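Have a look at the structure below, then the notes.
What you see is a predicted model; the values in this text were computed from it and never measured. For ligands, and for the atoms within them, numbers begin at 1 and follow the listed sequence.
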Amino acid sequence: MEGENKEFVPICGDLNIVYPTSGAAATSRYQAIKKKFDSLYGVAPLFYCRAPGRVNIIGEHIDYCGYGVLPMAIEQDIVIAVAPSHDGKIVLCNMDTKFKRYEVGTEDYNIDGKEWYHYFLCGYKGIVEHLDIKHPIGMNIVVDGNVPKNAGLSSSSAFVCCSGLATMHANGGKLTKIEIAEVCTKCERYIGTEGGGMDQACSFLAGFGTAKHIEFDPLRYKDITIPDGVVFVIANSLVEMNKSKTAGTHFNVRVVECRTAAQVLAKTKGIDWKSVRKLAQVQEKLDVTLEKMLEFVDEVLHNEPYTREEICKILEISDDELIKQCLSESTEHVSSFKLQDRARHVYSEAKRVLEFREVCERKPNNAIVCLGGLMNKSHDSCSFQYECSCDELDELVKCCRSAGALGSRLTGAGWGGCTVSMVPSSLLHDFLHKVQFEYYSKDPAKLAVINHSLFATSPGDGAAIITSE
Ligand code: NG1
Ligand code: MG
């Protein structure tokens with residue numbers, strides 16, 4: 001970007017954005033995008049947007065239950081170069097030729113699959129509808145992404161956010177970061193995931209140098225400074241967590257188990273259960289602590305899986321109504337629900353997030369040991385209670401702990417993808433060496449991709465529009 005007199009503008013003035021990856025690497029990346037753009041469309045892009053992936057430090061599978069999470073943005077991101085056009089078309093090309101060119105009318109498109117361009121269309125549709133744009137402008141586009149895919153680092157949400165941002169800017173729209181994060185959370189549901197909003201919020205609200213405690217309903221956040229002397233290391237298990245396939249079903253089943261647990265708890269406690277969708281709402285309505293909720297979970301719910309018939313009986317509804325009130329299209333046929341384990345995970349994880357934040361703010365002498373302990377407990381709860389880990393992730397976590405991590409856990413949805421480990425800075429070199437030896441070296445295929453699979457990371461900046469104006 002240097003030499004082209006580009007500057008990085010805030011999205012809409014509610015917070016300043018400083019672009020994190022300046023210097024040679026960024027320059028050559030943007031130049032390569034521009035060159036491809038020129039050769040495809042015969043003009044230069046009018047502007048670029050970028051939106052980062054994220055790593056969740058703690059607070060897994062609780063955003064969609066209404067509880068706060070503690071992620072940070074990573075440096076890896078999706079970049080979209082845009083030139084508006086007047087031919088009523090969106091043309092999408094990708095720097096990675098594996099993803100084929102796609103062309104569609106600005107007012108004549110369907111999100112009827114999970115091809116790469118459908119993620120673009122999610123962000124596009126969300127913004128067009130939210131801003132009520134009657135005749136959206138055409139766009140010629142080149143996309144470039146370097147967030148590892150299907151790895152729990154939120155590459156898909158980064159793409160949806162980037163597309164929403166590009167569509168907003170191309171059509172002269174203005175939204176605050178909070179507003180656009182909320183729109184992008186809702187619109188990812190067009191593609192069938194019922195995520196809770198952590199990824200989109202982190203992509204827009206992230207700030208250089210700090211993690212964020214992000215809370216929902218209403219969306220809000222606070223900077224969290226991690227104590228000195230540690231670094232976070234991401235390690236990819238290289239088991240692909242493909243949300244559009246099995247993991248997608250697992251994910252939506254968990255969403256539904258949590259919703260059902262909330263409704264059964266609510267009904268048993270005499271709350272109007274039909275108004276309850278999230279476990280956090282039960283706590284709010286009962287006005288009790290998380291410890292108390294954990295006691296209720298053990299009192300009210302049994303450990304054996306619930307059948308559909310049993311849930312219908314408790315809620316006093318028919319199977320048809322169960323489908324309407326609790327299930328979703330992709331989970332219509334689920335027959336067994338582990339309500340106690342799932343609810344236990346959620347309430348205990350929500351508590352760990354608050355403890356993590358409290359330790360970061362209070363900074364006791366043993367802060368980093370406490371934080372590591374919370375991360376370890378989080379992983380164990382994900383693995384045993386939430387059953388969203390897999391053998392390779394459990395093995396990698398073990399490896400990272402014995403290589404010197406104070407805490408190590410799966411990050412993101414799980415069922416494959418990455419771990420995040422908190423490592424004393426002084427041990428980093430040794431840690432990387434040991435994990436490479438223990439997890440990657442034995443398999444040449446794993447070793448071949450180690451540079452993108454095992455790396456230290458620090459909190460990166462949030463999404464931005466980059467223009468030359
Ligand atoms: P990833 O890691 O992108 O699959 C998903 C959800 C989050 C959150 C985590 C689990 C989406 C877009 N993202 O993240 O909202 O629920 O799982 O903590 O569905
Ligand atoms: Mg994702």
Touching ligand 1 at all, Arg54? Heavy atoms, strictly under 4.0 Å? yes

Minimum non-hydrogen distance to atom 5 (C) of ligand 1, winning option of Tyr386, Phe251, Trp415: Phe251

May I ask you to decide if the ring planes of Tyr386 and His345 are parallel, tilted or perpendicular, using 30° and 60° as cut-offs? tilted

Does the ring center of His213 lie less than 6.0 Å from the ring center of Tyr221? no

One should read off an interatomic distance between Tyr67 OH and Gln283 CD, to the nearest 0.5 angstrom, of 3.5 Å

Relative to the heavy atoms of Gly196, which atoms of ligand 1 are at a distance of less than 4.0 Å? 15 (O)

If you look at every heavy atom in Arg308 and Val334, which pair is closest and at what distance? NH1-O, 2.9 Å

Kindly indicate whether the side chain of Tyr306, heavy atoms from C-beta on, has any atom under 4.5 Å from the side chain of Leu301. yes

Judging by distance only, is a nitrogen or oxygen of Glu188 under 3.5 angstrom from one on ligand 1? no

Pairing donors with acceptors under 3.5 angstrom, does anything connect the side chains of Asp144 and Asn94? no

Is Ser157 touching ligand 1 with its side chain, its backbone, both, or neither, if touching means heavy atoms under 4.0 Å apart? side chain

Go through ligand 1 atom by atom and flag the ones less than 4.0 Å from a non-hydrogen atom of Tyr64. 16 (O)

Could an N or O of ligand 1 be found under 3.5 Å from any N or O of Asp63, whether backbone or side chain? yes

For residues 451-460, pull every pair meeting side-chain hydrogen bond (donor to acceptor under 3.5 Å, both in side chains), keeping only residues two or more places apart or in separate chains. none

Is the Tyr124-Tyr109 ring centre distance short of 6.0 angstrom? yes

Side chain or backbone, does Glu60 bring an N or O within less than 3.5 Å of an N or O on ligand 1? yes

Mark up the atoms of ligand 1 that fall under 4.0 Å of a heavy atom belonging to Gly152, in ascending order. 2 (O)

The option among Met198, Arg254, Gln200, Arg189 carrying the non-hydrogen atom nearest to atom 9 (C) of ligand 1 is Met198

Heteroatom proximity flag, Ala413 to ligand 1, N/O under 3.5 Å: yes

Identify, by atom number and element, the atoms of ligand 1 in contact range of Gly412, meaning under 4.0 Å from any of its heavy atoms. 2 (O), 10 (C)

